[in-house]
Amino acid sequence: MSPSPIENTIPNERLVITRSGGPGVLRLIQEELPPPGPREVRVRVLVSGVAFGDVLKREGLLPGMPPFPYTPGYDLVGEIESVGHSVSDWQPGRRVAAFVGNGANARYVNVPARLLLPVPQAVSDEEALCLVLNYVTAFQLLRRVARLKAGARILVHGGAGGAGSALLDLARHFGITALATASARKLETVRELGATAIDYRNEDFVARARALDPEGLDAVFDPIGGAHLVSSWRCLGRRGMLVVFGASASLRGGRKELLKTLARIARFKLTPGLRCCRFYGIGMRPHSSPALIRRDLALLLQLAAQGKLHPRVGARLPLSRAIEAHEMMNASPVAGKIILVP
Ligand SMILES: NC(=O)c1ccc[n+]([C@@H]2O[C@H](COP(=O)([O-])OP(=O)(O)OC[C@H]3O[C@@H](n4cnc5c(N)ncnc54)[C@H](OP(=O)(O)O)[C@@H]3O)[C@@H](O)[C@H]2O)c1
């Protein structure tokens, strides 16, 4: 006799955010996880990620975020523990990676089978996790939005962070030359990734970029937003593209800053000339979708298995220390991806 669904629940732990606020609003709760649905797979999480987007959602500042209460975590790598009755192509024991958007910061997660990809043996759990959100974002920014080829010249803001370091690593892989901003203690990380480092707190990055590239750059990747976009726009060449992929400035400036970012993007789009401005969000068409994320992640896992990518881990903390992980994101003392281990 097959077990009834209630017999197939398992004890689980997951982070929950019940209201907006600082890192202190994070709670780790214990509860039973129901069995996976017919087209789902139950994954035992090996590692999951903390991203700046999780911080903005926790503060209630990201448009389109899930309603409270919810479990944060865009990305996970884990091992299949059991499969729903309509799933025939996955077996327990398989190591997989998935972009889930929310809900990854847990011990077990039921994941739709269509989101999973196998992780090659040569790629570690941590490396694979860096690829799921940060490298897919970076790949789609470089190749799908800006369509850059070898020889292009770009500026990446936050070059030592999770997404920024992925942009620099992939830029180097594709033969693209990068300048990158970072704070003083992270400049060496940016240099190790092959970029020309700009200490944005002590230097005027527009003046530095114009001195290095008097004709202007092919693309600038800006996740800061607000008034920062005006300076980024000034670094562009005649046919350059400003790609806005975040609004970190709204963490300090709140919703007003977010609205300013959207208004500036609209203004750039109306500015006559050949320069242009695009907005990117992972999962948002036309440059991203669940199918494109899966396709691009498969390629990135292959490149990583061939030793062609060098993902950087900034910190690895147990799930029980998630508050600390979010504090690290707020204060940005680490370079690279912040990882939670159940
Ligand atoms: N659109 C998408 O789908 C998508 C996907 C992934 C990430 N993102 C965005 O990308 C950004 C980075 O996310 P993440 O998770 O990878 O976080 P992260 O980069 O690891 O952390 C943020 C980084 O930004 C840097 N920073 C802060 N203010 C800066 C400024 N004014 N100029 C230059 N650098 C600055 C900080 O380093 P310093 O110490 O150098 O200041 C820190 O390393 C966020 O805005 C996030 O929302 C967007």
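First listed ligand is number 1; within each ligand, the first listed atom is number 1.
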- Item | Ligand-side contact atoms (ligand 1) for residue partner Ala182, heavy atom cut-off under 4.0 Å | 40 (O)
- Any donor and acceptor pair, going by atom type alone, linking the side chain of Ser250 with main-chain N or O of Gly253 inside 3.5 Å? no
- Query: Which of the atoms of ligand 1 are close to Ala51, meaning less than 4.0 Å from one of its heavy atoms?
  - Reply: 15 (O)
- Item | Per-atom contacts of ligand 1 with Gly158, taking only distances under 4.0 Å to non-hydrogen atoms | 25 (C), 33 (C), 34 (N)
- Query: Is there a donor-acceptor contact under 3.5 Å from the side chain of Arg143 to the main chain of Arg147?
  - Reply: no
- Closest protein heavy atom to atom 38 (P) of ligand 1, given as residue, atom name and distance to 0.1 Å: Ser183 OG, 3.2 Å
- Query: Are any of the side-chain nitrogens in Arg107 or Glu13 under 4.0 Å away from the carboxylate oxygens of its partner?
  - Reply: yes
- Task: Please could you name the atoms of ligand 1 that Gly161 approaches to less than 4.0 Å, counting only its heavy atoms?
- Result: 18 (P), 19 (O), 20 (O), 43 (O)
- Item | Pair Glu31 + Arg14: basic N to acidic O under 4.0 Å | yes
- Any N or O of Tyr200 closer than 3.5 Å to N or O of ligand 1: yes
- atom 5 (C) of ligand 1 protein-contacted, heavy-atom criterion under 4.0 angstrom: yes
- Message: Could you tell me if Lys57 sits above the aromatic ring of Phe68, with its cationic atom closer than 6.0 Å to the ring centre and no more than 45 degrees from the axis?
- Response: no
- Hey, does Ile282 come in under 3.5 Å of ligand 1, counting only N/O atoms on both sides? yes
- Message: Check Glu215 with Arg238, please: is the shortest side-chain N to carboxylate O separation under 4.0 Å?
- Response: no
- Using distance alone, determine whether Phe52 and ligand 1 share an N or O pair under 3.5 Å. yes
- Message: Counting C-beta onward and ignoring hydrogens, is there a side-chain heavy-atom pair between Arg275 and Leu242 closer than 4.5 Å?
- Response: no
- Query: Looking at Ala305 and Ala122, what are the two nearest heavy atoms and their distance?
  - Reply: O-CB, 3.9 Å
- Message: Looking at Thr181 and Gly158, would you say the former's side chain and the latter's main chain have a donor-acceptor pair under 3.5 Å?
- Response: yes
- Message: Are His157 and Phe205, when compared by the centres of their aromatic rings, separated by less than 6.0 Å?
- Response: yes
- By number and element, which atoms of ligand 1 are closer than 4.0 Å to a non-hydrogen atom of Lys186? 36 (C), 37 (O), 38 (P), 39 (O), 40 (O), 42 (C), 43 (O)
- Can any side-chain N or O of Gln140 pair as donor or acceptor with the backbone N or O of Thr137 at less than 3.5 Å? no
- Task: Find all atoms of ligand 1 within a distance of less than 4.0 Å from any non-hydrogen atom belonging to Thr181, and give their numbers and elements.
- Result: 33 (C)
- Arg27 side-chain N/O to Gly24 backbone N/O, donor-acceptor pair under 3.5 Å: yes
- Of the listed options (Tyr74, Phe245, Phe221), which comes nearest to atom 48 (C) of ligand 1 when hydrogens are ignored and any heavy atom counts? Phe245
- Message: Taking a cutoff of less than 4.0 Å between a non-hydrogen atom of the residue and any ligand atom, is Gly281 in contact with ligand 1?
- Response: yes
- Give a yes or no answer on whether the side chain of Ser20 reaches the backbone of Arg58 with a donor-acceptor pair at less than 3.5 Å. no
- Task: Record the part of Met329 in heavy-atom contact with ligand 1 below 4.0 Å; permitted values are side chain, backbone, both and neither.
- Result: side chain
- Task: Decide whether an N or O pair under 3.5 Å exists between Val334 and ligand 1.
- Result: no
- Message: Taking only non-hydrogen atoms of Arg201, do any sit less than 4.0 angstrom from ligand 1?
- Response: yes
- Task: For ligand 1, find out whether one of its N or O atoms is nearer than 3.5 Å to an N or O atom of Pro223.
- Result: yes
- Would you tell me which option among Ala163, Gly226, Gly159 has the nearest heavy-atom contact to atom 16 (O) of ligand 1? Ala163
- Would you indicate which of Gly246, Ser248, Gly314 comes nearest to atom 44 (C) of ligand 1 when only heavy atoms are counted? Ser248
- Message: Below the 3.5 angstrom mark, is there an N/O of His157, backbone or side chain, next to an N/O of ligand 1?
- Response: no
- Query: Do any N/O atoms on Gly162 end up under 3.5 angstrom from N/O atoms on ligand 1?
  - Reply: yes
